[in-house]
There are 2 protein chains.
Amino acid sequence: MVIFENMLSKKTKYGLKALAYLAKQGSNHPVQISVISESENISRKFLESILLTLRKNGFLGSKKGKTGGYYLLKDPKDIKLAPIMRILEGPIAMVPCVSLNFYEKCDDCPDETTCSVHNLMLEVRDSTLQIFNNKSLADILKD
Amino acid sequence: MVIFENMLSKKTKYGLKALAYLAKQGSNHPVQISVISESENISRKFLESILLTLRKNGFLGSKKGKTGGYYLLKDPKDIKLAPIMRILEGPIAMVPCVSLNFYEKCDDCPDETTCSVHNLMLEVRDSTLQIFNNKSLADILKD
DNA sequence: CTTTATTCCTATCGGATTAATAGGAATTAA
DNA sequence: TTAATTCCTATTAATCCGATAGGAATAAAG
């Protein structure tokens with residue numbers, strides 16, 4: 001039996017690790033996918049698709065061809081985690097009806113204001129969001 | 001494209017709603033599955049399996065046969081949410097390496113203490129857990 | 001003692017998602 | 001011209017979710 005079904009996806013985990021790796025470099029010199037993938041033990045091809053996503057969403061720049069690679073576009077302290085999480089993992093809320101950016105009404109629930117689950121998950125979303133909104137890439141680096 | 005992949009499962013959502021329904025009754029008189037499923041707009045068969053799980057894990061009592069049903073075993077204010085979440089949803093942590101009850105080492109990560117993701121998810125787990133540990137079934141009821 | 005209504009249990013299923021893999025096109029430096 | 005890289009699209013195996021099916025066991029009511 002696999003226990004962790006609804007965990008953080010590997011996509012997000014690897015994406016964060018790659019961003020942290022780049023942030024540690026301290027320069028905006030392009031780093032090749034294979035360098036990151038070997039250093040962080042990530043499948044090269046999988047990481048490739050992740051970095052592509054991050055680039056398309058404005059978190060990374062890239063240089064093509066020989067001596068190409070990826071680099072951060074901003075100072076790590078100016079890169080907040082919340083938008084990264086939304087791109088890689090999707091909504092931060094555990095339930096669509098409490099999502100700020102991806103709101104959807106529940107099919108089964110006639111009234112959100114009296115729904116126990118709704119109000120509980122609202123609190124959870126707030127506390128999680130506070131972390132992701134206030135923390136930057138620079139804040140999570142360790143040496 | 002379906003956005004909410006890693007949301008709260010319907011199992012958990014329905015389970016919480018059912019528990020809240022029973023808590024609102026205020027008595028320990030057995031309530032039939034079909035009564036709850038109709039009131040809360042939940043598939044009867046699906047709810048059946050959820051309530052069975054909750055019973056097997058000590059959160060509900062049941063009465064079999066005609067006039068049977070399910071009932072709470074404790075006062076709603078003495079039923080904390082954390083254990084319920086663990087039974088229905090699984091680990092509260094988003095990553096096995098920060099789970100208190102379901103710990104697992106990551107394959108890729110050589111050192112947890114220097115892992116950016118690890119330390120970030122530790123904070124998220126703490127803030128979520130604080131909510132689930134401190135809130136009881138009684139606390140999430142609305143009228 | 002028969003009927004009826006319920007919980008209990010196991011098995012199965014379609015669809016969706018995840019984590020990856022494959023193969024090559026486009027681009028750039030040497 | 002060659003080599004090394006990013007870019008792009010498609011595919012896949014495994015797994016999980018949400019539900020459904022069918023009947024066994026149990027207990028109340030007549």
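Every chain is numbered from 1 and lettered A, B, ... according to where its sequence line falls, protein lines coming before strand lines.
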Remember a base hit wins even if backbone is also touched, and classify A:K13 as base, sugar-phosphate or nothing at under 4.0 Å, heavy atoms.
-> nothing
Between A:K66 and A:R55, whichever has its closest DNA chain D nucleotide further toward 5' is A:K66
When we call it a touch if two heavy atoms are under 4.0 Å apart, what does A:I33 touch: a base, just sugar-phosphate, or nothing?
-> sugar-phosphate
Phosphate-side-chain proximity, B:Y14 and D:dG18, N/O vs OP1/OP2 below 4.0 Å | no
Indicate whether the side chain of A:K63 and that of A:T67 have a donor and an acceptor atom separated by less than 3.5 Å.
-> yes
Pair B:E89-B:S9, side-chain donor/acceptor within less than 3.5 Å = yes
Under 4.0 Å between a side-chain N/O of B:S49 and OP1 or OP2 of C:dC9, yes or no?
-> no
Any sub-3.5 Å donor-acceptor pair from A:S37's side-chain atoms to A:S34's backbone N or O?
-> yes
Roughly how many Å is it from CD in B:E48 to P in D:dA21, rounded to a whole number?
-> 12 Å
Could you state the atom-to-atom distance from NZ of A:K63 to C1' of D:dC7 in whole Å?
-> 16 Å
So which nucleotide from C:dA19, C:dA29, D:dA19 ends up closest to the side chain of A:K11?
-> C:dA19
Atom CD1 of B:I50 and atom P of D:dG18: how far apart are they, to the nearest Å?
-> 9 Å
Could you tell me whether a side-chain N or O of B:S116 sits under 3.5 Å from a main-chain N or O of A:I140, the two making a donor and an acceptor?
-> yes
Considering only heavy side-chain atoms of B:S9, the closest of D:dC7, D:dG18, C:dT7 is D:dG18
Protein-nucleotide distance (B:K64, atom NZ; D:dG23, atom P), rounded to Å | 20 Å
Given C:dA20, D:dA28, D:dT6, the nucleotide with the shortest approach to the side chain of A:S43 | C:dA20
So which nucleotide from C:dA20, C:dA29, D:dT20 ends up closest to the side chain of B:F46?
-> D:dT20
Would you say the side chain of B:K45 and the base of D:dG18 hold a donor-acceptor pair, judged only by whether the two atoms sit under 3.5 Å apart?
-> no
d(NZ, A:K17; P, C:dA19) in whole Å | 14 Å
Calculate the interatomic distance between B:I36 atom CD1 and C:dT6 atom P; express it in whole Å.
-> 13 Å
Would you check if the side chain of B:N119 reaches a backbone N or O of B:C115 as a donor-acceptor pair within less than 3.5 Å?
-> yes
B:E89 CD to D:dC16 P, in whole Å, measures 14 Å
Minimum-distance nucleotide to B:K10 side chain [options: D:dT6, D:dG18, C:dT7] | D:dG18
Using whole Å, report how far CG of A:L47 lies from C1' of D:dT5.
-> 14 Å
